[in-house]
*Asks:* 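Before we start, here is the structure in question, set down as structure tokens.
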Amino acid sequence: MTVVVRGLDVALGGRPVLRGVSLDVPGGSWTAVIGPNGAGKSTLLRAVLGLLPSDGDVTVAGTDLGRLKPRQRARVVAYAPQNPNLPPGMTVFDYTLLGRSPYIPHLGREGARDRAIASDVLDRLDLTAFAGRPLDHLSGGERQRVVLARALAQQTSVLLLDEPTTALDIGHQQQVMELVDQLRLSDGLTVVTTIHDLTLAGQYADDLVLLSRGRVAAAGAPSDVLTREAVEEHFGARVHVSSGPGGRPVLSLERE
């Protein structure tokens with residue numbers, strides 16, 4: 001499903017954080033939102049989801065998300081936050097089952113179909129062996145997969161991921177990114193992620209959106225956005241940009 005954002009403004013505590021942000025995410029594609037710290041990347045995802053008050057329009061497949069109730073919206077867009085609340089003692093299966101909440105009646109309980117969907121998601125993410133394990137007994141990479149499992153259990157067509165590789169070593173970063181890409185291709189998901197690793201973003205995303213000071217500074221193919229000049233201007237870093245597999249940009253720091 002296509003995601004369209006037009007003229008999004010967000011102010012927090014009276015301070016403007018996003019100003020006139022617009023973007024188009026084609027259905028089935030992966031768009032990565034990049035930018036320096038404080039640029040408004042996480043705020044953008046939360047505003048798209050309706051978790052923050054904002055001005056502007058957000059539509060998914062032509063449907064105005066702002067007109068949907070939270071439970072309806074949760075059937076269209078799934079969100080995996082950067083720092084999720086992982087209740088100590090809760091099992092991996094029960095946490096994944098929380099993704100079925102938008103489909104369970106108030107004061108009702110999950111049904112056989114909900115449990116089957118949760119089990120299927122855990123199997124696809126190679127987490128079945130962890131189903132009965134408490135969340136606080138998982139490694140960082142395992143926790144990231146479990147957070148993704150809960151989002152996938154919502155069975156939406158749009159997936160928003162806020163810094164899915166945070167605090168992971170390089171091997172687990174690659175595993176998570178490969179997993180997201182495989183799921184996107186197999187399920188036709190539209191994926192929007194924020195990510196701080198520029199090379200990682202350039203290697204996996206179809207398109208990049210560079211936020212700087214709350215505005216869109218550049219948008220387009222990774223090779224068009226990740227230029228030496230753009231990185232120096234908006235990140236204050238001198239880098240060498242080379243062409244990697246498939247012509248995708250690879251960044252390395254330039255030493256003085």
Side-chain angles (χ1 to χ4, degrees), residues 1-12 15-49 52 54-60 65 77 79 82 158-166 173 176-177 180-181 184 189-254:
M1 291 188 177
T2 302
V3 178
V4 177
V5 178
R6 288 289 178 268
L8 194 67
D9 294 327
V10 176
L12 299 177
R15 180 179 66 89
V17 178
L18 296 178
R19 304 176 181 88
V21 171
S22 296
L23 62 144
D24 294 84
V25 183
S29 70
W30 183 341
T31 291
V33 181
I34 61 173
N37 291 339
K41 301 186 296 296
S42 296
T43 298
L44 173 59
L45 292 194
R46 297 181 69 201
V48 166
L49 197 65
L52 294 174
S54 63
D55 293 321
D57 298 309
V58 179
T59 62
V60 174
L65 289 189
V77 181
Y79 171 59
Q82 181 177 348
V158 179
L159 188 60
L160 307 181
L161 306 176
D162 192 5
E163 298 285 1
T165 60
T166 294
Q173 287 180 2
V176 168
M177 296 295 277
V180 171
D181 202 34
R184 174 181 71 89
L189 296 175
T190 303
V191 177
V192 182
T193 59
T194 64
I195 190 165
H196 68 275
D197 188 311
L198 300 183
T199 292
L200 210 56
Q203 290 300 301
Y204 285 92
D206 297 308
D207 295 288
L208 301 183
V209 174
L210 170 59
L211 283 186
S212 184
R213 298 183 180 88
R215 299 183 184 275
V216 175
S223 58
D224 294 332
V225 175
L226 288 179
T227 65
R228 185 179 187 278
E229 295 75 18
V231 173
E232 182 170 2
E233 177 182 355
H234 298 286
F235 293 88
R238 293 187 301 276
V239 298
H240 174 71
V241 182
S242 58
S243 182
R248 291 175 173 268
V250 176
L251 279 62
S252 57
L253 292 176
E254 287 186 354

*Asks:* Step by step, would you call Arg184 with Asp181 a side-chain contact (heavy atoms from CB on, under 4.5 Å)?
*Replies:* CA-CA 5 Å; Arg184 174 181 71 89; Asp181 202 34; 2.8 Å; yes
*Asks:* To the nearest 0.5 Å, how far apart are CZ in Arg46 and CD in Gln82?
*Replies:*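 Between atom CZ of Arg46 and atom CD of Gln82 there are 11.0 Å.
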*Asks:* Would you indicate whether the side-chain heavy atoms of Met177 and Leu200 approach each other to under 4.5 Å?
*Replies:*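 Counting from C-beta outward, Leu200 and Met177 do come under 4.5 Å.
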*Asks:* Go through it in stages, so that I can follow the logic: the residues are Val60 and Val77, the test is side-chain contact (heavy atoms from CB on, under 4.5 Å), and I'd like the CA-CA distance, side-chain angles, deciding distance and then a yes or no.
*Replies:* CA-CA 9 Å; Val60 174; Val77 181; 4.1 Å; yes
*Asks:* Any sub-3.5 Å donor-acceptor pair from Lys41's side-chain atoms to Gly35's backbone N or O?
*Replies:*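 Confirmed, Lys41 side chain pairs with Gly35 backbone.
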*Asks:* Tell me whether Ser54 contacts the main-chain N or O of Leu8 through its side chain, where contact means a donor paired with an acceptor under 3.5 Å.
*Replies:*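 No; zero donor-acceptor contacts below 3.5 Å.
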*Asks:* Output yes when a side-chain donor or acceptor of Ser22 lies under 3.5 Å from a complementary backbone atom of Gly7, and no otherwise.
*Replies:*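 Indeed, once roles are kept as given, a pair shorter than 3.5 Å links the two residues.
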*Asks:* Flag the pair Gln203 / Pro245 as yes when at least one side-chain heavy-atom distance between them is below 4.5 Å, and no otherwise.
*Replies:*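 Gln203 vs Pro245: side chains touch.
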*Asks:* For Leu18 and Leu44: C-alpha separation, side-chain torsions, deciding distance, then whether side-chain contact (heavy atoms from CB on, under 4.5 Å) applies.
*Replies:* CA-CA 7 Å; Leu18 296 178; Leu44 173 59; 4.0 Å; yes
*Asks:* Got Thr43 and Leu45 here, is their nearest side-chain heavy-atom distance under 4.5 Å?
*Replies:*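 No - every pair of side-chain heavy atoms lies 4.5 Å or more apart.
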*Asks:* Step by step, work out the side chain to side chain donor-acceptor pair (under 3.5 Å) result for Thr31 and Asp207.
*Replies:* CA-CA 5 Å; Thr31 291; Asp207 295 288; 4.5 Å; no
*Asks:* For a quick test of reading the model, state the closest non-hydrogen atom pair linking Ala230 to Leu210 and the distance between them.
*Replies:*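 Looking at all heavy atoms of both residues, the closest pair is CB-CD2, 4.5 Å.
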*Asks:* Are the side chain of Arg248 and the backbone of Gly202 linked by a donor-acceptor contact shorter than 3.5 Å?
*Replies:*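 A pair under 3.5 Å: yes.
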*Asks:* So, the side chain of Glu163 versus the backbone of Ser42: is there a donor-acceptor pair under 3.5 Å, distance only?
*Replies:*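 Here the side-chain-to-backbone pair does not exist.
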*Asks:* Taking side chain as C-beta onward, heavy atoms only, is Val231 less than 4.5 Å from Leu198?
*Replies:*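 Yes, at least one pair of side-chain atoms sits under 4.5 Å.
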*Asks:* Write down the atom of Ala205, the atom of Pro222, and the distance for their closest heavy-atom approach.
*Replies:*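 Closest heavy-atom pair between Ala205 and Pro222: O-CG, 3.6 Å.
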*Asks:* Where do Asp162 and Thr193 land on the side-chain contact (heavy atoms from CB on, under 4.5 Å) test, with the steps shown first?
*Replies:* CA-CA 6 Å; Asp162 192 5; Thr193 59; over 6 Å; no
*Asks:* Determine the sole option in Leu65, Asp24, Val158, Thr59 for which the side chain to side chain contact (heavy atoms under 4.5 Å, CB included) test with Val3 is passed.
*Replies:*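 Single pass found, and it is Val158.
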